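Note that the coordinates shown come from a computational prediction; the quantities given were computed from them, not determined experimentally. Just so we're on the same page: letters track the sequence lines, and every chain starts at 1.
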Amino acid sequence: MEPMNKANNQVLLPSDQVVEVVQQNLLEWYGENKRDLPWRENKNPYRIWVSEIMLQQTRVDTVIPYYERFLSRFPTIESLAAAADEDVIKAWEGLGYYSRARNLHSAVKEVVAEYGGKVPDKVAQISKLKGVGPYTTGAILSIAYDKKVPAVDGNVMRVFSRLFTIEDDISQQSTRKKMERIAEKLIPESSPGDFNQALMELGAMVCTPQSPKCLFCPVQSVCKAYQQGRESELPRKKKATSPKSVDVIFVWIVSENKVLIEKRPEQGLLAHMWSLPTIEQAKKENYLEVFNEFCDTKNIQLTNLIIRGNLDHIFSHIHWKITLVQADLKKSVSLPDEWEWIALNQLHTRAFPNVYRKALQQLVSI
DNA sequence: AAGACGTGGGT
DNA sequence: TACCCAAGTCT
């Protein structure tokens, strides 16, 4: 394959005739083939907003049950704004990218305080909200308010790359801007929300990353990649770097039916979430040394160490090679601030990231 | 600009 | 096992 060149800096806007075909064929196809999804029941901006945040980097099938639960727990923007942080994060438990939930909660509070609970319908206002980037701005404004604003996500970039044989690397930020200029020309006046969704729906159902179903594509007749038999070569995308491997230790400390849990730091991986006490800089083979260091730092003493098992967990950028170690805590003067005893049968009330749920399952089969 | 930030599913 | 992907945003 050719090197990843900068491609042409110039944007070749589609002709009026192509625009016409894409608009008509896509909207008709969407009308007949769109999936019945819970966030398509109505155009409540709050509901659209929640769905767009949940759907970031997350599959539709994964989101649906979370969405249903979240909306029945926080039916209105006011109810979410008034909710406790722990309740919001608990509702997000297991979905991943937890800063989404915190940003959403914070932004919703801002909307209630500054805009009387009405989600802004201006680009300048809504794009300032935490967690609302260029894509989500366009999605909310077009879907909820029928504004003619581009909503260019990964689907749309893939569709455009093929439709117009755009050779740019779609992992580059500049590429999205180019795509937005094309979208601006393509979006019809009549139904911007449906058109943006149709574009994404096409990317999800027909113009898929692998084995695109070109034979069933409503815009096959104007697709340059299909005409050239190059649909499998596009879009171009830089290969992702593989996750860095890190040794970590989870410590399992139980006494009288209670277990020691740890609140994670406010910054970084799994911020604010509950966890088992975790030693992240394990690296060495000598766990005893690592433990001594850990105990010194926390000003505690751990004894009777037993290895309870091993576990691998792969995040998008880190590969945790986990060792589960059981230990006893020698009576100490004071517990670290971030530690807390909790009854085993109350573990389910706290929000643990999935990696810790997996570990707990292995340890106590809950 | 490139890396941080979760998780589960498909090949 | 390994790798890619999924309605991105923040720093």
Side-chain angles (χ1 to χ4, degrees), chain A residues 34-35 37-40 48-67 89 92-104 106-107 126-140 142-144 150-159 169-177 179-180 183 193 196-205 207-212 232 235 237-246 264-273 275 312-321 351-358:
Chain A
K34 68 177 169 190
R35 288 168 292 179
L37 301 171
W39 44 89
R40 286 180 178 164
I48 304 294
W49 184 4
V50 172
S51 77
E52 290 304 336
I53 302 299
M54 283 192 173
L55 285 163
Q56 288 171 8
Q57 301 291 283
T58 311
R59 292 178 189 292
V60 165
D61 290 344
T62 303
V63 166
I64 290 174
Y66 279 91
Y67 182 79
I89 205 70
W92 208 272
E93 179 185 41
L95 240 199
Y97 286 151
Y98 298 100
S99 67
R100 290 183 296 174
R102 305 193 153 275
N103 288 151
L104 174 64
S106 152
I126 200 169
S127 62
K128 273 189 199 141
L129 298 170
K130 281 187 192 166
V132 179
Y135 161 74
T136 305
T137 294
I140 296 173
S142 65
I143 298 171
V152 175
D153 71 338
N155 285 310
V156 175
M157 291 206 277
R158 184 171 57 255
V159 169
D169 176 2
I170 62 166
S171 60
Q172 295 299 306
Q173 195 160 27
S174 55
T175 305
R176 201 202 71 247
K177 289 179 183 140
M179 301 281 188
E180 283 174 346
N196 278 343
Q197 291 189 83
L199 233 28
M200 293 188 272
E201 191 85 349
L202 186 77
M205 306 303 291
C207 196
T208 49
Q210 283 93 34
S211 323
S232 61
K237 190 176 181 180
K238 198 166 35 200
K239 274 196 283 288
T241 58
S242 49
K244 195 180 102 184
S245 191
V246 178
R264 292 188 52 88
E266 299 180 7
Q267 298 289 321
L269 189 63
L270 308 174
H272 298 277
M273 305 294 287
S275 68
D312 278 59
H313 188 83
I314 303 173
F315 302 104
S316 43
H317 58 302
I318 298 174
H319 180 161
W320 268 5
K321 303 179 83 67
F352 288 88
N354 233 49
V355 56
Y356 290 99
R357 288 275 168 218
K358 280 203 307 192

Which is more 5' along DNA chain B, the nucleotide nearest A:T241 or the one nearest A:K358? Just name the residue. A:T241
By side-chain contact (heavy atoms from CB on, under 4.5 Å), which residues pair with A:R40, not counting sequence neighbours? A:Y30, A:K34, A:R35, A:L37, A:Q197, A:E201
Rounded interatomic separation in angstrom, taking CG from A:D312 and C1' from B:dG6: 16 Å
According to a strict under-4.0 Å criterion, is A:H313 in side-chain N/O contact with OP1 or OP2 of B:dG6? no
Who pairs with A:N196 by side-chain contact (heavy atoms from CB on, under 4.5 Å), at least two apart in sequence or on another chain? A:S142, A:A151, A:I187
When all nucleic acid strands are considered with a 4.0 Å heavy-atom cut-off, which category describes A:L270: base, sugar-phosphate, or nothing? sugar-phosphate
Separation of B:dA1 atom P from A:Q172 atom CD, nearest Å, is 7 Å
Nucleotide of B:dC5, B:dT7, B:dA2 approaching A:L269 most closely (side-chain heavy atoms): B:dC5
Say you pick atom P in C:dA2 and the same atom in B:dC5; how far apart are they, in whole Å? 22 Å
Write down the distance between CG (A:N354) and P (B:dG9), rounded to a whole number of angstrom. 10 Å
Between B:dC5 (C1') and A:R264 (CZ): distance, integer Å: 12 Å
Distance between the P atoms of B:dT11 and C:dA7, in whole angstroms? 16 Å
For A:S242, check side-chain contact (heavy atoms from CB on, under 4.5 Å) against everything at least two apart and list the hits. none
Between B:dT7 (P) and A:M54 (CE): distance, integer Å: 15 Å
Could you list the residues that satisfy salt bridge (charged side-chain N to carboxylate O under 4.0 Å, His left out) with A:E180, not counting sequence neighbours? A:R176
Rounded to whole angstrom units, what separation is found between the CD atom of A:E93 and the P atom of B:dG8? 11 Å
Euclidean distance for P, C:dT9 against B:dG8 (whole angstrom): 23 Å
Whole-angstrom distance between B:dG3 and C:dC4, as gauged at atom P: 15 Å
In terms of heavy-atom contacts, does NZ of A:K130 have more than 12 from other residues, nucleotides or ligands at under 6.0 Å? no
Considering residues at least two apart in sequence or located in another chain, which fulfil the side-chain contact (heavy atoms from CB on, under 4.5 Å) criterion with A:I314? A:P243, A:H319
Please report, rounded to the nearest Å, how far the C1' atom of B:dG8 is from the CZ atom of A:F315. 13 Å
Side-chain donor-acceptor pair present, A:H317, A:K244, cut-off under 3.5 Å: no
One character per nucleotide, please: for nucleotides 2-11 of chain C, 5' to 3', B when the base has a protein heavy atom closer than 4.0 Å, S when only the sugar-phosphate does, - otherwise. --SBBBBSS-
Are A:H317 and B:dC5 close enough that a side-chain N or O sits under 4.0 Å from OP1 or OP2? yes
In whole angstrom, give the distance that lies between atom CD1 of A:I53 and atom C1' of B:dG6. 16 Å
